[in-house]
Structure formats: structure tokens, C-alpha cells
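For reference, the structure discussed in these notes is given below.
Proteins come first, then strands; the chains are lettered A, B, ... in the order of their sequence lines, and each starts at number 1.
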Protein chains: 2
Amino acid sequence: MRKDSRLSRVLHILVHMAAIDRPVTSEEMAGMISTNPVVVRRTMALLRKAGYVTSARGHHGGWQLAQPLADITLLDIHHALGEGSVFTIGLTDEHSHCVIEQAVNAALKDVMDEAEALMLQRFGQITLDQLGTDRISHYLHKS
Amino acid sequence: MRKDSRLSRVLHILVHMAAIDRPVTSEEMAGMISTNPVVVRRTMALLRKAGYVTSARGHHGGWQLAQPLADITLLDIHHALGEGSVFTIGLTDEHSHCVIEQAVNAALKDVMDEAEALMLQRFGQITLDQLGTDRISHYLHKS
DNA sequence: CTATCATGTAACAATAAAAGTTACTTTGTT
DNA sequence: AACAAAGTAACTTTTATTGTTACATGATAG
């Protein structure tokens with residue numbers, strides 16, 4: 001199944017950005033994740049719309065963090081990237097009058113909603129600065 | 001993101017099958033989920049391989065349950081359909097030497113693994129017979 | 001002022017896996 | 001022997017991310 005790796009990639013970029021004290025170009029970022037500057041701009045534009053980064057054109061232009069990493073959670077970035085469902089499992093929609101289809105879909109939806117809620121809650125607890133050096137000790141103490 | 005609706009569809013079929021006391025053809029099943037007999041056979045073949053249904057060719061052939069619905073969980077069917085990840089969120093694999101990518105991926109993987117474990121555990125608690133009439137009361141008592 | 005650098009954006013191709021389709025073979029029953 | 005059904009191979013369609021090309025827009029340096 002096709003995967004959406006934008007979250008993984010953009011987090012990678014953001015953590016790098018925090019360590020660079022100047023605007024970073026799409027070209028540089030593309031190098032960080034082995035892709036094309038246009039792909040980078042497309043994704044970064046979503047983060048700019050949500051207020052997490054700024055961009056500037058022209059000489060010495062590029063992208064900069066608008067907030068410290070400690071103020072941004074994985075959930076924030078996940079939301080900034082869009083709405084789509086988190087699961088590859090889809091529900092059918094063709095016989096909504098059929099009680100069996102309704103029961104099947106309701107059961108699957110219940111479980112998936114619960115799992116998604118847990119996932120998003122965890123994402124909301126992790127700030128981007130924790131993706132630096134202290135991640136290991138953080139997880140050693142999580143339970 | 002493209003969704004895999006095989007689980008939803010095949011559950012729908014299985015519950016219908018339990019109410020029909022004779023072999024059901026791929027043609028009939030295709031009608032239940034508005035698709036093609038070949039698509040049905042492809043998916044049902046995975047369930048047969050796992051032992052949940054049997055098939056017979058020729059006159060009065062078709063598919064039959066090999067076990068009562070009460071003995072089969074959503075997790076059983078999920079596993080029978082294959083291995084693929086449950087999430088549309090993918091991890092990048094291009095710079096495995098980069099500690100930042102490692103940290104990002106590890107954090108995402110931790111959370112996704114936990115959510116998937118919860119989901120599969122819930123799937124394991126729901127048997128297919130519960131997708132009939134008693135589903136509502138079942139969920140009223142779940143917590 | 002103008003050359004250059006960088007973003008902004010439109011338009012299109014590549015990709016991948018499920019889903020859909022066609023055509024044919026094999027097997028079992030009437 | 002005729003027929004009904006699964007088995008299966010090969011191909012097309014679908015759909016969203018990803019990749020790519022091309023060009024417009026805007027900002028800065030000199």
C-alpha cells in the first residue's frame with residue numbers, strides 16, 4: 001500500500017533546521033531527504049500556512065522556523081499536513097442500507113477511531129525538540 | 001490515500017454466508033459487494049488458505065464457512081488478508097546513517113506500533129458473530 | 001537598474017497496490 | 001456430453017503521493 005512519508009520527511013527537515021542558524025533553501029532541504037526542491041516547497045507551504053515556518057524569496061532567502069521546536073508537537077505537524085485518514089483500511093460505502101454492512105463498518109470504525117485517538121494523543125505529547133538527543137532517555141521513562 | 005477495503009468487504013460477505021445454508025458462489029458474493037466474481041475469488045482464496053472457508057467446483061459448488069462465526073475474530077481475517085502495515089504514514093529509509101532520521105523514525109514507529117497493537121488487540125476481541133444483531137448492546141457494555 | 005537567487009505555482013509524468021476486467025483452463029455434477 | 005463453478009493468468013483502471021519541467025514573481029546585491 002502506498003505510504004505517505006511527508007510527516008517523517010518534514011520532521012527530519014525541521015530538526016535539521018533548528019540546528020542551522022540561517023534561512024535554509026528548498027534546495028538544501030531536498031538534499032536532506034533526497035528529493036526535489038518543488039516537493040519540499042509543496043510540503044513546507046502547508047507548514048507555513050499553519051504558522052510553523054516562514055519563507056523569504058530572493059538572495060539569502062529560504063525557510064526558517066517561526067517557533068521553537070519545544071513549542072511544536074508531532075500532532076501539530078500531522079494536522080498541518082492535512083486531513084486524510086491514518087489507516088490503510090477502508091470502509092465500504094456501497095450498500096449503506098444493508099444492516100450487515102452497517103454493523104461491519106461500525107465495528108471497524110469503533111476500533112480504528114480508538115486506535116487513531118491513542119496515536120494522536122501520543123503525537124500531541126511529543127515535541128520536536130525531543131527528537132534530538134534526549135529521545136532515548138525520554139522513552140526509557142515513558143512507562 | 002488509496003484504501004484497502006478487502007477487510008470490510010470480506011467481513012460483509014462472511015456474515016451473509018452464515019445466514020445461507022448452502023454453498024454460495026463467487027457470483028452471488030460479487031453481487032453482495034457490487035464487484036466482480038474474480039475479485040471475490042482472489043480475496044476468498046486467502047481465507048481458504050487460512051482455513052476459514054472451503055470452496056468446491058462444479059454444479060452446486062461455491063464457498064462455505066469452515067468454522068462457526070463465533071470462532072473467528074476480526075484479527076483472524078485481518079491476518080489472513082496479509083501482512084501490510086495498517087497505517088498510511090510511512091517512514092523514510094534513505095538516510096539511515098542520519099541520527100535525526102533515526103530519531104524521527106523511532107518516535108513515529110513507537111507511537112504507531114502502540115496504536116497498531118491496541119487495534120489488533122481489539123480486533124482479536126471481536127468475533128464475527130458479534131457483527132450480527134447484538135453488536136449495539138455489546139458496545140454499550142464495553143467500558 | 002539589472003543580474004541573480006530563491007520562492008510560488010501550474011502542468012504533467014511516474015509510481016504502486018487494490019480493484020476491475022477478459023479470457024481461458026480445470027474440475028465436478030447432472 | 002453439457003454445463004456450472006472455481007482457478008488463474010494477463011491486462012487495464014484507479015488514485016494520491018511523488019517526481020519533474022517550466023516559468024512567473026519577488027527580493028537583494030552590486
Examine [N]: is either OP1 or OP2 under 4.0 Å from a nitrogen or oxygen in the side chain of [X]? Give yes or no.
X: Thr25(A); N: dA6(C); value: no
X: Arg48(A); N: dG8(C); value: yes
X: Arg22(B); N: dA5(D); value: no
X: Ser26(A); N: dA6(C); value: no
X: Arg57(B); N: dT26(C); value: no

Nearest to side-chain heavy atoms of [X], which nucleotide of [options]:
X: Val38(A); options: dA19(C), dA6(D), dA22(D); result: dA22(D)
X: Trp63(B); options: dG7(D), dT7(C), dT17(D); result: dG7(D)
X: Arg41(A); options: dA18(C), dT20(D), dT7(C); result: dT7(C)

### Task
For side-chain hydrogen bond (donor to acceptor under 3.5 Å, both in side chains), just list the numbers for Trp63(B) and Thr25(B), CA-CA rounded to whole Å, side-chain angles, deciding distance to a tenth of an Å, and then say yes or no.
CA-CA 6 Å; Trp63(B) 301 80; Thr25(B) 67; over 6 Å; no
Inset, instruction - Select from Thr35(B) and Ser55(A) the residue whose nearest nucleotide in DNA chain C is closer to the 5' end of that strand. - result: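 Nearest nucleotide further toward 5': that of Ser55(A).
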Select from His59(A) and Val24(A) the residue whose nearest nucleotide in DNA chain C is closer to the 5' end of that strand.
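Nearest nucleotide further toward 5': that of His59(A).
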task = Answer with base, sugar-phosphate or nothing: what part of the nucleic acid does Arg42(B) contact at a heavy-atom distance below 4.0 Å?
result =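 Base contact.
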For a quick check of understanding: with a heavy-atom distance under 4.0 Å over all strands, which category does Ala45(B) fall into, base, sugar-phosphate or nothing?
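No contact.
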Q.
If only side-chain N and O atoms count, and only distance matters, is there a donor-acceptor pair under 3.5 Å linking Thr92(B) with Ser8(A)?
A.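 There is such a pair between these side chains.
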- Got a salt bridge between Glu101(A) and Arg9(B), using NZ or NE/NH1/NH2 to carboxylate O under 4.0 Å?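 Result for this pair is no, no salt bridge flagged.
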Under-4.0 Å salt bridge between Glu27(B) and Arg41(B):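 Arg41(B) and Glu27(B): not salt-bridged.
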Exercise for the section: Could you pick out which residue, Ser5(A) or His60(B), lies toward the 5' side of DNA chain D when each is mapped onto its nearest nucleotide? Expected result: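 Nearer the 5' end of the strand: His60(B).
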- Quick one: on DNA chain D, does Gly58(A) or Val39(A) contact a more 5' nucleotide (nearest heavy atom)?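 It is Val39(A), whose closest nucleotide lies nearer the 5' terminus.
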Q.
Please say yes or no: joined through hydrophobic side-chain contacts below 4.5 Å, possibly via intermediate residues, are Met32(B) and Tyr52(B) part of one cluster?
A.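 Looking at the clustering, Tyr52(B) is in the same group as Met32(B).
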- Atom CD of Gln64(A) to atom C1' of dT7(C): distance rounded to whole Å?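 Going from Gln64(A) (CD) to dT7(C) (C1'), I get 14 Å.
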Exercise for the section: Whole angstrom is fine here: how far is it from CZ in Phe87(A) over to C1' in dA17(C)? Expected result: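 Nearest whole value for this atom pair: 19 Å.
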